[in-house]
Amino acid sequence: MRTRMIILNGGSSSGKSGIVRCLQDVLPEPWLAFGCDSFVDALPARMQASDDGIGIAADGTVTIGSDFRVLEAAWTEGVVAMARAGARIIIDDVFLGGTASQRRWQKALGDLPVLWVGVKCEPGVAAGREIARGDRARGMAASQADLVHKGVIYDLEVDTTHAESLVCARTIAARISRPAR
């Protein structure tokens, strides 16, 4: 069975969004893209700074509450349902819980073919991108650079420290023609 989903995991400002846009361009079939940022943006404003939702401290530390987890699980199941219905899906995610985050996806995916991609970037480079972006709390990129990969098992890893998004996307696209785990 062909890969139905590509799940990219990496810290803030690691380059995932750029890779996603390039993947959509280089893959021959149409792929929909969804990410944790768009999920967070869809939350009610009151959940974007509450104990039950998501909180981002001045140093970039992210905390997740119980209401967030309930909605995240529903969102995840919905994305997987689209893939089961025939859509090809690319996910841009940040596994704050490392292995536990991957397990949440695995539970929803069941036997659906997925390509797990780790997007790595040296913390100093990611921090520089974070400053240039101007839309993230300083410290988030450096604190997440290694944390999000702890215990996560990938089919493929790319490093955006020195590689452009298009090069990484082509590397990922080349794996789509081969079976994923």
Side-chain angles (χ1 to χ4, degrees), residues 1-42 71-123 125-126 129-130 133 136 141 144-181:
M1 187 178 229
R2 291 198 44 147
T3 300
R4 300 304 307 171
M5 288 184 66
I6 302 168
I7 299 181
L8 301 167
N9 172 48
S12 178
S13 301
S14 63
K16 298 179 308 295
S17 299
I19 293 171
V20 168
R21 286 189 297 275
C22 290
L23 273 170
Q24 287 181 302
D25 188 55
V26 301
L27 290 167
E29 303 96 359
W31 287 71
L32 298 174
F34 299 99
C36 57
D37 287 345
S38 56
F39 168 70
V40 170
D41 290 343
L71 293 174
E72 177 189 45
W75 176 78
T76 301
E77 291 286 342
V79 169
V80 170
M82 286 189 289
R84 289 195 184 287
R88 293 171 196 87
I89 311 282
I90 305 168
I91 296 294
D92 167 345
D93 208 342
V94 179
F95 288 3
L96 294 173
T99 304
S101 297
Q102 186 175 37
R103 278 196 300 260
R104 281 192 289 277
W105 273 109
Q106 288 168 328
K107 180 182 175 193
L109 289 161
D111 63 352
L112 194 69
V114 62
L115 181 70
W116 297 95
V117 181
V119 179
K120 299 194 171 181
C121 183
E122 290 177 8
V125 172
R129 292 176 185 168
E130 176 180 78
R133 286 176 67 157
R136 301 280 189 236
Q144 292 177 0
D146 295 321
L147 171 75
V148 300
H149 300 292
K150 287 191 178 181
V152 178
I153 298 170
Y154 298 112
D155 298 306
L156 177 66
E157 293 181 11
V158 295
D159 190 324
T160 65
T161 302
H162 302 292
E164 295 293 325
S165 296
L166 183 57
V167 171
C168 294
R170 286 181 176 149
T171 300
I172 296 165
R175 283 295 298 271
I176 296 302
S177 60
R178 291 185 277 181
R181 287 187 232 176

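Counting from 1, the numbers follow the sequence of the chain as shown.
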**Message:** Between D111 and R4, does any side-chain N to carboxylate O distance fall below 4.0 Å?
**Reply:** no
**Request:** Take atom CZ of R104 as the centre, draw a 6.0 Å sphere, and report whether it contains more than 12 heavy atoms from other residues, nucleotides or ligands.
**Result:** yes
**Request:** With rounding to the nearest 0.5 Å, note down the distance linking CD1 in I19 to CZ in R170.
**Result:** 13.0 Å
**Exercise: identify the closest heavy-atom pair between L27 and A173** = CD2-CB, 3.6 Å
**Request:** Return yes if a side-chain donor-acceptor contact under 3.5 Å exists between S12 and R129, otherwise no.
**Result:** no
**Item:** Derivation and outcome, side-chain contact (heavy atoms from CB on, under 4.5 Å), residues L8 and D93
**Value:** CA-CA 6 Å; L8 301 167; D93 208 342; over 6 Å; no
**Request:** Under the side-chain contact (heavy atoms from CB on, under 4.5 Å) rule, what do R88 and R2 come out as? Steps first, then yes or no, please.
**Result:** CA-CA 10 Å; R88 293 171 196 87; R2 291 198 44 147; 5.6 Å; no
**Request:** Please assess T160 against C168 for the test side-chain contact (heavy atoms from CB on, under 4.5 Å), listing each intermediate value before the final yes or no.
**Result:** CA-CA 7 Å; T160 65; C168 294; 4.0 Å; yes
**Complete:** All heavy atoms of I172 vs all of V158, minimum pair found to be CG1-CG1, 4.2 Å
**Request:** State the CD-CD distance between E130 and Q144, to the nearest 0.5 angstrom.
**Result:** 8.5 Å
**Item:** Heavy-atom check, side chain of K150 versus side chain of F95, under 4.5 Å
**Value:** no
**Asked** Taking the side chain as C-beta and beyond, is there a heavy-atom pair between M5 and I91 under 4.5 Å?
**Response** yes
**Request:** May I have the step-by-step check of side-chain contact (heavy atoms from CB on, under 4.5 Å) for W31 and I176, ending in yes or no?
**Result:** CA-CA 12 Å; W31 287 71; I176 296 302; 4.3 Å; yes
**Prompt:** Is any side-chain heavy atom of T171 less than 4.5 Å from a side-chain heavy atom of L156?
**Reply:** yes
**Fill in**
Residues P123 and D146: closest non-hydrogen pair is CG-OD2, 4.4 Å
**Request:** With rounding to the nearest 0.5 Å, note down the distance linking CD1 in I7 to OG in S101.
**Result:** 11.0 Å
**Request:** Supply the atom-to-atom distance T76 OG1 to Q106 CD, rounded to the nearest 0.5 angstrom.
**Result:** 12.5 Å
**Request:** Looking only at non-hydrogen atoms, find the nearest pair between V20 and A33 and report the distance.
**Result:** CG1-CB, 3.4 Å
**Request:** Would you please indicate if the ring centroids of W116 and Y154 are separated by under 6.0 Å?
**Result:** no
**Request:** Could you tell me whether the side chain of Q102 and the main chain of I153 form a donor-acceptor pair under 3.5 Å?
**Result:** yes
**Asked** Rounded to the nearest 0.5 Å, what separation is found between the CD atom of Q24 and the CD1 atom of I90?
**Response** 5.0 Å
**Asked** Any idea which heavy atoms bring C121 and T161 closest together, and the distance?
**Response** CA-OG1, 3.4 Å
**Complete:** Between the NZ atom in K16 and the CG atom in L23, the distance rounded to the nearest 0.5 Å is 13.5 Å
**Fill in**
Heavy-atom nearest pair, A108 first then V80, reads O-CG1, 3.4 Å
